[in-house]
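Single-structure report; data block below.
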Amino acid sequence: MTTDTICALATAPGGALGIIRISGPQALEILSRIFSKNLTAALPNTIHYGHIVEYDAVSQHQNIIDEVLVSVFRSPHSYTGEDSAEISCHGSRYILNKVLDLLIQHGCRMANPGEYTQRAFLNGKMDLSQAEAVADLIASSNKATHQIAMSQLRGHFSSELSRLREKLLKLTSLLELELDFSDHEDLEFADRSELLSIANDINTRVTRLAKSFETGQALKQGIPVAIVGKTNVGKSTLLNRLLHEDRAIVSNIHGTTRDTIEDTIDLNGVTFRFIDTAGIRQTTDTIEQIGIERTYAAIEKVRIVIWLIDETPTEAEISDITDRCAGRTLLTVWNKSDLRPLQANIALRSVCGCATATLPLLISAKQGQGLDALEAAIYSAANIPELTDNDIIVTSARQYDALIHAEDNLSRVLEGLETNLSGDLIAEDLRLVLSDLAEITGEDGIIQSQEVLNNIFKHYCVGK
Ligand SMILES: Nc1nc2c(ncn2[C@@H]2O[C@H](COP(=O)(O)OP(=O)(O)OP(=O)(O)O)[C@@H](O)[C@H]2O)c(=O)[nH]1
Ligand SMILES: [Mg+2]
């Protein structure tokens with residue numbers, strides 16, 4: 001499909017080695033012009049030791065640029081599906097630029113971001129959802145995001161989509177059968193309740209996929225946790241303690257933190273994004289007041305709120321925080337346990353989730369006591385599903401959009417079946433669902449517009 005042969009540096013500059021990738025119909029021919037051996041007849045999946053050389057027309061000598069290893073891959077058994085090669089050079093910036101220059105002089109073109117993966121998709125080596133997983137895999141920074149990307153790359157999402165596709169096709173054909181032979185009174189068709197049960201099953205699966213996006217986003221971007229409370233209770237001290245660095249200014253002056261401060265850490269292989277906030281108090285200071293508004297705004301955006309206290313709060317404070325944290329997990333944490341023992345009243349017990357038994361977690365952010373228990377409580381509040389290698393979690397907004405469209409069209413299918421709508425109208429909506437799902441994988445002749453493809457691949461690094 002492509003005629004250009006492309007090249008790019010696939011590794012980050014600065015390492016001991018650098019890998020240059022070449023892919024396209026002329027990959028081995030062009031490479032042979034600058035390599036000490038002819039590789040045009042090289043066997044697939046072989047490695048060749050030799051030199052990258054530059055011919056100097058003035059001295060009529062060959063200058064050796066580097067001593068390298070070249071891996072040769074043959075179409076269709078390569079990442080892109082084309083003839084390709086990877087040159088492992090020494091990591092010198094000069095060498096790498098020189099080799100790229102030589103390749104370009106001899107007929108290669110610099111690859112665009114993600115162009116190798118785009119070619120892999122166009123050559124049928126992977127579908128679009130797998131291509132997107134490649135970017136996720138490269139960006140994965142913890143166990144959870146790695147596991148999700150790996151599962152998608154290995155095609156678990158694609159297989160679930162093809163199962164859905166089969167069910168949709170079955171439904172469509174049953175409906176069409178009903179249409180084609182509706183005058184034959186002696187023929188029996190699947191009754192509508194059977195069709196409805198297939199449609200419901202499809203709907204449940206699509207909804208499950210769409211729902212997983214929230215978890216996917218949280219795992220990818222870090223689960224947001226706000227640390228809130230009155231001024232001077234030790235919120236910034238706690239942030240610094242959780243991050244193991246002096247990120248926020250700590251002082252005994254009330255109202256030290258004015259703006260929200262965010263940073264991430266991994267707990268048990270999952271990224272959490274902690275947000276330190278301006279302490280809540282009555283103030284006439286306009287800037288501090290803006291900071292407090294931001295604290296309230298931060299609560300709206302998070303799934304977990306750590307409410308830090310260092311004295312027994314009043315009933316009014318308790319009801320204010322519970323109101324603001326409705327729909328979120330509220331962890332009440334008593335700080336400065338080294339200074340003051342916990343003084344719990346009945347109302348405080350109830351905000352901790354249980355009328356009698358549960359008390360706030362006790363910590364000393366300054367001295368580090370109780371931090372392990374707090375981290376464990378944060379992790380369990382996040383309610384991360386126990387991920388297995390086969391779990392399908394949607395992480396791309398593009399895929400999520402397609403699933404939402406599919407859900408929308410499916411709801412009309414269900415409605416149509418329930419209200420005994422004519423089969424041809426229902427079949428029309430079914431076709432829309434099929435095309436929504438096909439958009440995710442880019443399959444089935446639904447050729448993605450170049451714009452959609454460019455949009456997907458432009459976020460990749462060059463060389464992938
Ligand atoms: N003894 C003791 N002091 C603490 C503890 N945690 C924080 N402090 C002290 O409490 C004071 C306030 O700490 P910060 O972390 O700045 O408090 P904050 O809640 O961020 O305050 P604002 O930004 O003003 O809202 C500092 O002097 C801290 O050293 C603790 O666990 N024990
Ligand atoms: Mg602070």
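Values below: all heavy atoms of this structure, side chains included; hydrogens, waters and symmetry mates excluded. Atoms within each ligand, like the ligands themselves, are counted from 1 in listed order. What you see is a predicted model; the values in this text were computed from it and never measured. Throughout, residue positions are numbered sequentially from 1 according to the sequence presented.
N335 ND2, 3.1 Å is the protein heavy atom nearest to atom 6 (N) of ligand 1. Atom 11 (C) of ligand 1 has its closest protein heavy atom at S251 O, 3.6 Å. With respect to atom 3 (N) of ligand 1, the closest heavy atom belonging to the protein is K366 CD, 3.5 Å.
At a cut-off of 3.5 Å, with distance as the only test, a side-chain donor of E67 or Y49 sits close to an acceptor on the other residue. There is no side-chain donor-acceptor pair under 3.5 Å between S197 and N200. S236 and T257 are linked by a side-chain donor-acceptor pair at a separation below 3.5 angstrom, with hydrogens and angles left out of the test.
Sorted by chain and number, the protein atoms of type N, O or S within less than 2.8 Å of the Mg ion (ligand 2) are S236 OG, T257 OG1.
Proximity of a side-chain donor or acceptor of N240 to a complementary backbone N or O of D246 within less than 3.5 Å is not detected. For S337 (side chain) and I363 (main-chain N/O), a donor-acceptor pair under 3.5 Å exists by modelled atom type. In this structure, R328 contributes its side chain and V302 its backbone to a donor-acceptor pair below 3.5 Å.
Contacts between N232 and ligand 1 below 4.0 angstrom, taking non-hydrogen atoms only, involve backbone and side chain alike. Counting heavy atoms closer than 4.0 Å to ligand 1, residue S337 contributes nothing at all.
By the 4.0 Å N-to-carboxylate-O rule, D263 lies too far from R273 to be salt-bridged with it.
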